[in-house]
Amino acid sequence: MDDRTLPLRERKKLRTRRALAETALRMFAENGFDATTLEELVAEAEVSKSTFFRMYPAKEAVAVEAETELWTAYLAALTDRELSGPVLTGLRDTLTEAAGSLDPGWDTRYVATRRLILTAPPLLAYVDYYRTGVERQVVASLTGKLGLPDGDLRPQVLAELTTTAWSVAGREWVRQGGDGGRPALIARLHAAYAAIPASLTLTAGQRGS
């Protein structure tokens, strides 16, 4: 997305949000998430607490901004997409589109964010909670788009398969420091999706099949 298309006020807000996230990620990596206070963070970023809370609901939220960027783009892309054919493929393509739309610096921020999460259990819990909220929104979107009754389990399964495929794809990519950049990550994502049908039919006793 080109920030220059946004109104001046929105561009300033976005710059402040990004500056907060970048400062937070640096401080948390250097000093530890728990050891860095909100007061220290806002002082370093030269913003007020009230400004911080207009941007983020909690210290955990600013720490995982790179995660939020991805899923926000995914939900926006899903809202705009007209689904046709296999829905799981549509979700894969939607997530691919979302990941591809993020700015070039996102790769580095995401790798740093995921590494930080491993050092701070509260962040892992926050991300799990956040992704659950994303899945609920996907379920609601699919239910509406497909004209399904409330309570149909298929949208829930599809929503969770998508976040799982992302986790599987991203884990090794992060471990390797984002080697290969966005194309490598997206290739892993497509491989994870491709493994889903075969995984569902995997049968014990058929070694190597």
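As the structure is a prediction and not an experimental result, all values here were calculated from the model.
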Distance from D34 atom CG to K59 atom NZ, nearest 0.5 Å? 6.0 Å
Using modelled atom types only, decide if a donor and an acceptor are shared between the side chain of W166 and the backbone of L189 within a distance under 3.5 Å. no
Answer yes if V138 and L146 sit in the same cluster of Ile, Leu, Val, Met, Phe, Trp and Tyr residues linked by side chain heavy atoms under 4.5 Å apart, and no otherwise. yes
Please check: side-chain N/O of E40 versus main-chain N/O of T37, any donor-acceptor pairing under 3.5 Å? yes
Closest non-hydrogen atom pair, F33 against A63: CE1-CB, 4.1 Å
State, with a plain yes or no, whether a side-chain heavy atom of L91 is found less than 4.5 Å away from one of L95. no
For D128, does its backbone N or O pair with a side-chain atom of T132 as donor and acceptor, under 3.5 Å? yes
Check the side chains of R54 and T51 for a donor-acceptor pair under 3.5 angstrom, ignoring hydrogens and angles. yes
Among T113, V62, T23, T119, whose side-chain contact (heavy atoms from CB on, under 4.5 Å) with F28 holds? V62
Can you confirm whether R15 is buried at CZ, in the sense that more than 12 heavy atoms of other residues, nucleotides or ligands lie under 6.0 Å from that atom? yes
Closest contact, heavy atoms only, A66 versus W106: O-NE1, 2.9 Å
Within a strict 4.5 Å, meaning less than it, do heavy atoms of the P155 and L148 side chains meet? yes
Set of salt bridge (charged side-chain N to carboxylate O under 4.0 Å, His left out) partners for E135, sequence neighbours left out: none
Between R131 and T163, do the side chains contain an N or O donor and an N or O acceptor separated by less than 3.5 Å? no
Would you give the length of the straight line joining atom CG of L116 to atom CG of L25, rounded to the nearest 0.5 angstrom? 6.5 Å
Mark yes or no for whether N31, through its side chain, and T36, through its backbone, hold a donor-acceptor pair below 3.5 Å. no
Between R114 and R171, is there a donor-acceptor pair closer than 3.5 Å when you use the side chain of the first and the backbone of the second? no
Using a strict cut-off of less than 4.0 Å between a Lys/Arg side-chain nitrogen and an Asp/Glu carboxylate oxygen, indicate whether E82 and K145 qualify as a salt bridge. no
T143 vs D152 side-chain heavy atoms within contact, under 4.5 Å: no
Work out which heavy atom in A58 is nearest to a heavy atom in F52; give both atom names and the distance. O-CZ, 3.7 Å
Heavy-atom closest pair, residues A45 and L20: CB-CD2, 3.8 Å
If we only count heavy atoms from C-beta on, is the L124 to L118 side-chain gap below 4.5 Å? no
Heavy-atom side-chain contact between L70 and L102 under 4.5 Å: yes
Distance from L123 atom CG to E67 atom CD, nearest 0.5 Å? 10.5 Å
For residues D93 and Y193, determine if any side-chain heavy atom of one lies less than 4.5 Å from a side-chain heavy atom of the other. no
With a 4.5 Å cut-off on side-chain heavy-atom distances among I, L, V, M, F, W and Y, is there a chain of contacts connecting V139 to Y130? no
Does atom CD of E172 have more than 12 heavy-atom neighbours, drawn from other residues, nucleotides or ligands, at distances under 6.0 Å? yes
How far apart are the C-alpha atoms of Y74 and T162, what are their side-chain angles, what is the distance that settles it, and do they pass the side chain to side chain contact (heavy atoms under 4.5 Å, CB included) test? CA-CA 11 Å; Y74 170 61; T162 290; 3.4 Å; yes
Heavy atoms of A98 and S101 approach each other most closely as O-OG, 2.7 Å
Using a 3.5 Å distance criterion without hydrogens, assess whether the side chain of R92 forms a donor-acceptor pair with backbone atoms of V87. no
Any donor-acceptor pair under 3.5 Å linking the side chain of T89 with the backbone of G85? no
Could you go through the side chain to side chain contact (heavy atoms under 4.5 Å, CB included) check for K49 and E39 one step at a time? CA-CA 8 Å; K49 266 192 177 182; E39 288 76 14; 2.5 Å; yes
Rounded to the nearest 0.5 angstrom, the NZ-CE distance for K13 and M55 is 6.0 Å
Should V168 and I186 be counted in the same cluster of Ile, Leu, Val, Met, Phe, Trp and Tyr side chains packed under 4.5 Å apart? no
Any salt bridge linking D103 with R109? Criterion: basic side-chain nitrogen under 4.0 Å from a carboxylate oxygen. yes
To the nearest 0.5 Å, what is the distance between CZ (R26) and CD (E30)? 5.5 Å
Heavy-atom pair with the smallest gap, counting every atom of A192 and A165: CB-O, 3.7 Å
Side chain T72, main chain E69, donor-acceptor under 3.5 Å: no
Let me confirm one number: the OH-CD distance from Y110 to E65, rounded to the nearest 0.5 Å. 13.0 Å
Determine whether more than 12 heavy atoms belonging to other residues, nucleotides or ligands lie under 6.0 Å from atom CG of D80. yes
Any idea how Y129 and Y126 line up, ring-wise: parallel (<30°), tilted (30 to 60°), or perpendicular (>60°)? tilted
